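Scroll down for the structure; my scribbles are underneath it.
Naming: A, B, ... by sequence-line order, numbering from 1 per chain. Since we're looking at a predicted model, the values are computed, not measured.
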Protein chains: 2
Amino acid sequence: MNEQDILKDAERHCTKTGARLTPLRRRVLELVVRADAPVKAYDLLSQIDRSNTSAKPPTVYRALDFLINAGLVHRVEALNAFVACPQAGHGHAAVLYICEVCTKVTEVQGARPGQEHKPEGFCVTRSVIEHYGQCMNCR
Amino acid sequence: MNEQDILKDAERHCTKTGARLTPLRRRVLELVVRADAPVKAYDLLSQIDRSNTSAKPPTVYRALDFLINAGLVHRVEALNAFVACPQAGHGHAAVLYICEVCTKVTEVQGARPGQEHKPEGFCVTRSVIEHYGQCMNCR
DNA sequence: TTTGTTTTGTTATGTTATCACATCCGCACA
DNA sequence: TGTGCGGATGTGATAACATAACAAAACAAA
């Protein structure tokens, strides 16, 4: 799935769900999609800055919050970074495989990890699943 | 497993592996164990500070690095916090269930998540697996 | 005791994230 | 047309998290 398709898909998804993909938010999404690897909030900020002098940290963090809630972007917890979700709206339930050499992230949907050993009565609302290692090309 | 047992166990583990559990590191481990929930680095710092005025951020981060490497402590990525590992040396391979109400963490060993959908050729060296929700008591 | 290594102290700074309040903009409705 | 409302963005400040770089001390091996 290429950059343009992902963006179109995001538009459609937002239209359908009533989420407001404003120009600023779209711009941030675009930057995340283009990065094609986990990108830092302050890197996004400096890129936005080139076109919009008024961008400040809250600008980018707010946009990212929106995008994460809309299921368009994932936060990579162990990297304090963000990646585009290749499938709009599947933002929750993702399992990430992160190559520590080339930094590329492969997202696997529907790979809900076995919760066989889940503590009794525990009700999971959100899972962070990130596997780090080397991808095929980088070994 | 109670606090004292965990500390004894940690001592034994370090003796066996040749890791040097110095007074400072032991003190930090003690604080993490006592907390019985994820603790922040700066909270540890302010607790150490009461006895050791010279404690600075690197003091606690270095001790934590050591403890994590020794498999005595886990970093909870999505919280920027740290928890004691109830089983010395099993520090890698852990799956954490974190109650967002009472903040308590239950660690499950040996619950390696299915990697059935792992990208071909990907070699995992480290996994971050954190489930957030409500524990039985807090529902 | 000398030497090399590890640990700890110390200052400074880098990086990540949020708060609080002001302003703007689109929209519904009088 | 204007007025009020709510969501989005602008703005300045600061909080929270983490590391770099170098100095001093502790310690163990030779």
Side-chain angles (χ1 to χ4, degrees), chain A residues 10-11 14-15 17-32 35 37-70 72-83 103 128 130, chain B residues 10-11 14-15 17-32 35 37-70 72-83 103 128 130:
Chain A
E11 301 267 16
C14 287
T15 305
T17 61
R20 297 170 56 175
L21 190 60
T22 63
L24 179 60
R25 290 164 174 174
R26 207 197 128 90
R27 174 100 179 91
V28 171
L29 176 59
E30 218 173 281
L31 292 173
V32 176
V39 59
K40 302 280 196 165
Y42 277 71
D43 290 346
L44 293 170
L45 182 56
S46 66
Q47 292 184 264
I48 298 170
D49 238 357
R50 295 209 245 292
S51 47
N52 176 357
T53 324
S54 71
K56 300 276 181 303
T59 310
V60 65
Y61 281 105
R62 286 193 287 227
L64 287 168
D65 275 355
F66 168 87
L67 295 169
I68 289 167
N69 273 292
L72 302 173
V73 162
H74 300 290
R75 183 183 157 82
V76 185
E77 295 291 349
L79 298 180
N80 296 328
F82 304 85
V83 285
T103 79
V128 173
E130 301 172 2
Chain B
E11 300 266 18
C14 287
T15 304
T17 61
R20 296 169 56 174
L21 190 61
T22 63
L24 178 60
R25 289 164 174 174
R26 206 197 128 92
R27 174 100 177 89
V28 171
L29 176 58
E30 218 173 282
L31 291 172
V32 176
V39 229
K40 302 283 196 164
Y42 276 70
D43 289 347
L44 292 170
L45 182 56
S46 65
Q47 291 184 264
I48 297 171
D49 238 357
R50 295 210 245 291
S51 47
N52 175 357
T53 323
S54 72
K56 300 279 179 306
T59 309
V60 64
Y61 280 106
R62 286 193 287 227
L64 287 168
D65 276 355
F66 168 87
L67 295 170
I68 289 167
N69 274 292
L72 303 172
V73 163
H74 299 291
R75 183 183 157 83
V76 185
E77 295 291 348
L79 298 179
N80 295 330
F82 304 85
V83 285
T103 78
V128 173
E130 301 172 1

Inset, instruction - For Y42(A) and dT15(C), say yes or no: do the ring centres fall under 5.5 Å of each other while the ring planes differ by less than 30°? - result: no
Inset, instruction - Using atom NZ of K40(A) as one end and atom C1' of dG14(C) as the other, report the distance to the nearest whole Å. - result: 12 Å
Legend entry - Between dT9(D) (P) and R20(A) (CZ): distance, integer Å: 8 Å
Legend entry - Interatomic distance where CD1 belongs to I48(B) and P belongs to dT8(C) [whole Å]: 11 Å
Inset, instruction - Would you mind telling me which residue lines up with the more 5' stretch of DNA chain C, N80(B) or L24(B), judged by nearest nucleotide? - result: L24(B)
Inset, instruction - Check whether any side-chain heavy atom of T59(B) lies under 4.5 Å from a side-chain heavy atom of S54(B), and answer yes or no. - result: no
Legend entry - Heavy-atom side-chain proximity of L79(B) to T103(B) below 4.5 angstrom: no
Inset, instruction - Figure out the NZ/C1' separation between K56(B) and dC22(D), and round it to whole Å. - result: 15 Å
Inset, instruction - Would you indicate what R62(A) reaches in the nucleic acid, counting non-hydrogen atoms under 4.0 angstrom: base, sugar-phosphate, or nothing? - result: base
Inset, instruction - Indicate yes or no: at least one non-hydrogen side-chain atom of N69(B) is less than 4.5 angstrom from one of F66(B). - result: no
Legend entry - Interatomic distance, D43(A) CG vs dA17(C) P [rounded to whole Å]: 12 Å
Inset, instruction - Calculate the interatomic distance between L64(A) atom CG and dT18(C) atom P; express it in whole Å. - result: 10 Å
Legend entry - Interatomic distance, D65(B) CG vs dA18(D) P [rounded to whole Å]: 10 Å
Legend entry - Non-hydrogen side-chain atoms of N80(A) and R75(A) separated by less than 4.5 Å: yes
Inset, instruction - Confirm from the modelled atom types if Y61(B) and dA20(D) form a donor-acceptor pair under 3.5 Å, side chain to base only. - result: no
Legend entry - Given DNA chain C, 5'-ward residue of the pair P57(A) and S54(B), judged by closest heavy atom: S54(B)
Legend entry - Euclidean distance, atom CZ of residue R27(B) to atom C1' of dG9(C) [Å, nearest integer]: 17 Å
Legend entry - Option from V76(A), L31(A), V73(A) for which side-chain contact (heavy atoms from CB on, under 4.5 Å) with F82(A) holds: V73(A)
Legend entry - Shortest side-chain distance from P58(A), nucleotide among dA17(C), dG12(D), dT10(C): dG12(D)
Inset, instruction - Establish, with yes or no, whether the OP1 or OP2 oxygen of dA17(C) is under 4.0 angstrom from a side-chain nitrogen or oxygen of R75(A). - result: yes
